[in-house]
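A quick write-up on the structure given underneath.
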2 protein chains.
Amino acid sequence: MQDRRAGMHLRPTTIERIPLYLRVSDQLFHSGADTVSSEQLAVLTGYSSDTVRRDLWDLSIAGRRGIGFDVAAIRERLGDIIGTSASWRLAIAGVGNLGRALSHYSNLSRRGLDIIALFDVDPAKIGTADSGVEILPALEIAGECKRLGVQIGVIATPAAAAQACANSFVEGGVRALLNFAPVTLELPREVQVRRVDVLLELQLLAYHLRSKAPLGDG
Amino acid sequence: MQDRRAGMHLRPTTIERIPLYLRVSDQLFHSGADTVSSEQLAVLTGYSSDTVRRDLWDLSIAGRRGIGFDVAAIRERLGDIIGTSASWRLAIAGVGNLGRALSHYSNLSRRGLDIIALFDVDPAKIGTADSGVEILPALEIAGECKRLGVQIGVIATPAAAAQACANSFVEGGVRALLNFAPVTLELPREVQVRRVDVLLELQLLAYHLRSKAPLGDG
DNA sequence: TCCTGTGAATGGCTTCACAGCG
DNA sequence: CGCTGTGAAGCCATTCACAGGA
């Protein structure tokens, strides 16, 4: 048996799957389920039941043979790991349609993700508020992030402004960025970046359509 | 040497990287570069130069020793593979802030991704137009997609409506979906689905912040 | 010397397969 | 029996390392 204590090693692939496990076990919990089998979790997540069992084992979540896993136990353990009870301070740069969509996304605060600052370059927007959060000048990103203790920065600007925003966030002490702009950001290694790139996703779908459709089935 | 002809086998991981290779070689092309080394591509994409060389080889893109790869050749080959010269017909379900952000995203049409239909359930929106595309009733998704030959469906609805929309798209002959709703869709295996899930991404960032910050550096 | 081309080695994730227990 | 727990096998992607041509 491997080390299953707090400082244990988790495989990167397992880590990537944790948030989805958490979501589905939340849904199961709210639908009143007490236990769940690895096979059910496999269906709900799209992973294989082998992978689910291996992951939960690595996450120190024990099941009961013949029964399954305890839904509440999964929820609690994964919530601890992700830190849903903690509150994370987010800022969004760029209050276009995308930035607005994010700032209105009520699921965020329910998950301990609080948007506490919005930034834009447009003088007409600066000073107004969106979802109760005032829009500040983009030039003040670094200073305001430092002052407010922003932990996660969201880049929802046009591509041309993304790198500058990212730099300002980093200067302001932000060490995690979610980047919606279609550019590869160059950042210090200690800064976490995740990319959400719609164009890339659509091109991949197009590729698969084109390569599979002529074959009949896949 | 392996088979490098049209029907060749590409590794899934290579396929996932193609759109980004295409983007950076486009940028290089427009900045006037004639050739590019695998090391430069590595910096621009975030992959290793070994991986870049292996990928381009697998994609039948030859370089010249001591010089590098021909930017125009990469562009042309990858454009052929992705099908950028072809025109793809997209429809978006859900004209909230997110749907609007997508419909205004001018990069799409430049890449051969044309939004030809918008759907919503809100009677106040139906009949109006956004970015020159009329908003149709969500109930008509299947029929209109069939009529218009929609190839890629984008789900930008609230979570509760996502599965029904997906079903309608599939009924309308759409075989590729981009899902922004925080739910796992259950669909026939021949339908391609890609998920864009902001909540999952943010939770992963939070996890990494929490697990790395206390350690000092990573 | 520079950078590609490419077998071989490495490392890790997933799947197999089945033992083990309620 | 049902479903977990888990070594071992198999597979696949990446990295190493260096030969080879401009």
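Reminder, nothing fancy here: chain letters follow the sequence lines and each chain counts from 1. Just so it is clear, the structure is predicted and the values come from calculations on it, not from any experiment. Quick note: numbers below take in every heavy atom, side chains included, and nothing from hydrogens, waters or symmetry partners.
As a whole-Å value, the separation of A:Ile67 CD1 from D:dC1 C1' is 12 Å. Atom CG in A:Leu10 sits about 14 Å away from atom P in C:dG12, given to the nearest Å. Spacing between atom CD1 of A:Ile61 and atom C1' of D:dG5 amounts to 14 Å, rounded to whole angstrom units. Atom CG in A:Asp70 sits roughly 12 Å away from atom P in D:dG5 (whole-Å rounding). Going from atom CG of B:Leu41 over to atom C1' of C:dC3 covers 12 Å, rounded to whole Å. One atom, NE2 of B:His9, and another, C1' of D:dC12, lie 9 Å apart when rounded to the nearest Å. Atom C1' of nucleotide C:dC21 and atom CH2 of A:Trp57 are separated by 14 Å, given to the nearest angstrom. C:dT4 atom C1' lies 14 Å from atom CD of B:Gln40, rounded to whole Å.
Side-chain contact between B:Phe180 and B:Val198 is absent, with no heavy-atom pair separated by less than 4.5 Å. Proximity of A:Val170 to A:Pro188: side-chain heavy atoms (C-beta onward) are separated by under 4.5 Å at one or more points.
Between A:Ser38 and B:Asp55, the residue anchored closer to the 5' end of DNA chain D is A:Ser38, taking for each the nucleotide with the nearest heavy atom. The residue among A:Gly66 and A:Arg11 whose nearest nucleotide of DNA chain C is located toward the 5' end is A:Arg11.
When distances are taken from the side chain of A:Thr13 to each of C:dC13, D:dT15, D:dT4, the shortest belongs to C:dC13. Which of D:dT15, D:dA13, C:dC13 sits closest to the side chain of B:Arg54 comes down to D:dT15. Among the nucleotides C:dA17, C:dT14, D:dT14, the one closest to any side-chain atom of A:Arg53 is C:dA17.
You'll find a donor-acceptor pair under 3.5 Å spanning the side chain of A:Arg65 and the base of C:dG20, going by distance alone. In this model, a side-chain donor or acceptor of A:Asp50 finds a partner on the base of C:dA17 within 3.5 Å.
For B:Ser48 and D:dT15, the shortest distance from a side-chain N or O to OP1 or OP2 is below 4.0 Å.
Residue contacts for A:Thr14: at a heavy-atom cut-off of 4.0 Å it reaches no nucleic acid atom on any strand shown. No contact: A:Ser49 has no heavy atom under 4.0 Å from any strand. Nucleic acid contact class of A:Arg64 (heavy atoms, under 4.0 Å, all strands): sugar-phosphate only.
More than 12 heavy atoms of other residues, nucleotides or ligands shown are found within 6.0 angstrom of CZ on A:Arg11. Counted within 6.0 Å of CD on A:Gln40, heavy atoms from surrounding residues, nucleotides or ligands total more than 12; the atom is thus considered enclosed.
A side-chain N or O of A:Asn167 and one of A:Gln163 form a donor-acceptor pair less than 3.5 Å apart.
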